[in-house]
2 protein chains.
Amino acid sequence: MATTGTDLSRMREMNQLSIVWALRGNPPSTVTELAGRTGLSRPAVDVLVQALVTDGWAAVEEPGAKSVVGRPARRYRFRADAGHALGIDIGVHKILVMLSDLEGNLVRTVRRPADPEADPAARLATVDETVDELLAAAGMTESDIWGLTVGVTGPVDASGRTSLFTPLPGWSTADPAGHLAGRFRCPIQVENDCKLAAVAERWKGVAQDADDIVYLLAGIRTGAGLILDGTLRRGHGGAAGEIGALKAVRWLDAPGHLAACPGVPASARPGEAAAWVFQAAREGNREAKTAVRRYTRDLAVGVAALVLALDPEIVVLGGGFSRSADIILDPLHRELTKHCLRLPELRTSTLGDESVALGGLRLALDDIDDRMLSAELAAPRAPRG
Amino acid sequence: MATTGTDLSRMREMNQLSIVWALRGNPPSTVTELAGRTGLSRPAVDVLVQALVTDGWAAVEEPGAKSVVGRPARRYRFRADAGHALGIDIGVHKILVMLSDLEGNLVRTVRRPADPEADPAARLATVDETVDELLAAAGMTESDIWGLTVGVTGPVDASGRTSLFTPLPGWSTADPAGHLAGRFRCPIQVENDCKLAAVAERWKGVAQDADDIVYLLAGIRTGAGLILDGTLRRGHGGAAGEIGALKAVRWLDAPGHLAACPGVPASARPGEAAAWVFQAAREGNREAKTAVRRYTRDLAVGVAALVLALDPEIVVLGGGFSRSADIILDPLHRELTKHCLRLPELRTSTLGDESVALGGLRLALDDIDDRMLSAELAAPRAPRG
DNA sequence: CTGGATATCGCTGGGCAGTTTACTAATTCC
DNA sequence: GGAATTAGTAAACTGCCCAGCGATATCCAG
């Protein structure tokens, strides 16, 4: 930890930054309020915030005759619309793109269906179309986007590829980052979908209060994303959370218990079959209940392995099957009790299928913050990848 | 992240701190060298380092006629002996206490045998005697110790107890922190032995270059300690790494394969039996080799679970059996290849049975740094727990 | 033994950032 | 309309770092 020395100019930069942090996420603030939040004196805040205004980071709101005594104060707000971020979920069945401003306020969402059998080129073409539609609807161009994250299935290596494995056909050689770099000059991240969903749960989901989270994707696929000490755990090769690959953990076969349940309509697609079984179990069907019990039993081994390895505060149940959490949660809890030393809290995701794109947004915003705000504070401008 | 504003005095403090970091771990340095390391100007460093001298953090070394041209420079050194730290390993068979200065230089080590069957009171009495002997030999008193860490077996909760389980008889209700707080007024930490060993491997062992480490304690007991992103991973309830509790992971039974090997002398104690088997396997004994293969097969399941969950850079093989790494490493590597997606590097610990106390030292020193150096820089004084 | 080369030491003036203090401006309450 | 309250602004003040200069100490060549 080679701390480097500081001089006056750096100090001013830091104070300007501290004002940005005090402005962001708060309603338009007066100089006095900012002075209170930052610990700086009023004159100092005044000078700094005016510099932020001329730089384009902040905007003045003239006082709107508030019902307070004393002279009404000018209010300053962070110009969250100075830049925007994209979260792109490249799923098996859908492409979902979300647009937010610098404060993370959602501006627009566009969703398109995707053919599960589509090859990478076709899938990326759909991504392009979806992005086109969203940008057009929002009245923006590529240069308005300061950062974006792509969520894909399978572990993502340092180059943004999913070389180890992925359920998307042909995707192990696809290069989504390279493809998008042709359009976007901003930093582009590619990340595993479970990891992004975990990030989303901590940002806007049911795990906002926790620093140590195991996110469980329970659906036709089974996977996990880890947040430790409040930051996403990627793993040295990007493959953290892939406990399902262990043979003793039967995550690959687990959903098969549901599909193999007697009575499932022969015409049902995988997702429908599971939904049928959960509904049947809800209605008391004995065989369905057995299938669910077998499923959760297999699911629990992997969760227990993660819980024992990491001792998290919360396990979040997400993915398509989390809609049937009322059926899954109890047997899962019982199974985990058998395996674990210390049982973490079990919560059910409420973000639905937007969690991956949301987590992508958060990661893109974090990256923007790292580049724009921590280093130096120039005029607002899209960072270059 | 509510960054707080900064003023001149804080800036000076930060610069003084950066000089402390530039002094520590380096040979006595000239003002010019410090200026180069910190990026500050020579006059600034001069003033700050002189303040450090009057505060007692630094000492002047008059120039010793060096073979350089030009006027010989005064050299300043960090007064690492201003305070000291203790690392205490409360093991099943031994009590080991290590003393270091603020730079982590070992000053003295004292070891005493412990009765495996001793109750907590007797064990803590042995700890007291060992500490007494060490302090007397070093010519110090309790007030010279600024921080200490106790290593024990079993997961440690927030209060410093091992309430979940521990192989030390009666220890689940023992309170080593409370006991030592009667003597020492400095901060006292209690931590799991595997976790401390992991810290030691990153500090002075074979994993100094890695940020993501799984430490495997392979001995009569089996356990693990995790370092992620360069910091010890404790877990929300202090039970991270306890993957051995999973039934599918046969860590409890694994060493039994060695003890049960045909041909082991009936009189051998557990540790001796394992050593006998490893030696026999080395000499080509077929049954011993089978026992070792069975042992590593069981061991590998748990390691694979940790590797798949965390995707570390390095797995360090430590514990008593690591002396026979030549026999274990190959079959372990083969088994891991079967289970894992991406195989981390496998290394063997070289720290021996001092790793727990060493890791305790590192944790105590980190705590001292956090309290003394990051916050404010008063005159050197032992922090209060 | 002496003078030059070299690098540190110690000092001084300049600039900058934030604080304190004081004063003026704008609004509400009575 | 005046008192009370709060915001905006300007000045003086303090503290810190930096650039630059002369003084100092040592080595080395002749």
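Throughout, protein chains are lettered first and strands after them, A, B, ... in sequence-line order, and every chain is numbered starting at 1. Predicted, not measured: the structure shown is a model, and the values here were computed from it.
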Below 4.0 angstrom from OP1 or OP2 of [N], is there any side-chain N or O of [X]?
X      : N       : answer
R74(A) : dT9(D)  : yes
S41(A) : dG18(C) : no
N15(A) : dG18(C) : yes

Base dT24(D) paired with R71(B) side chain (donor-acceptor, <3.5 Å): yes
Residue whose closest nucleotide on DNA chain C lies nearer the 5' end, T30(B) versus L8(B): T30(B)
Earlier contact from the 5' end, DNA chain C, for D46(B) and L48(A): D46(B)
Integer-rounded Å distance: dA17(C) P and L17(A) CG: 15 Å
Atom-pair distance (CZ on R42(B); P on dA7(C)), nearest Å: 11 Å
Minimum-distance nucleotide to [X] side chain [options: [options]]:
X      : options                   : value
L40(A) : dT6(D), dG18(C), dC11(C)  : dG18(C)
P43(A) : dG18(C), dC29(C), dT19(C) : dT19(C)
P72(B) : dT19(C), dC9(C), dA25(D)  : dA25(D)

Sugar-phosphate, base or nothing in reach of S9(A), heavy atoms under 4.0 Å: nothing
Electrostatic pair D46(B):R42(B) at N-O distance under 4.0 angstrom: no
Side chains of T149(A) and D367(A) in contact at under 4.5 Å (non-hydrogen atoms): no
Test item: K204(B) side-chain N/O and L351(B) main-chain N/O as donor-acceptor pair under 3.5 Å: no
Residue whose nearest DNA chain D nucleotide is more 5′ - T6(A) or G70(A): G70(A)
Over all atoms of both residues, closest heavy-atom pair of L34(B) and A22(B): CD2-CB, 3.9 Å
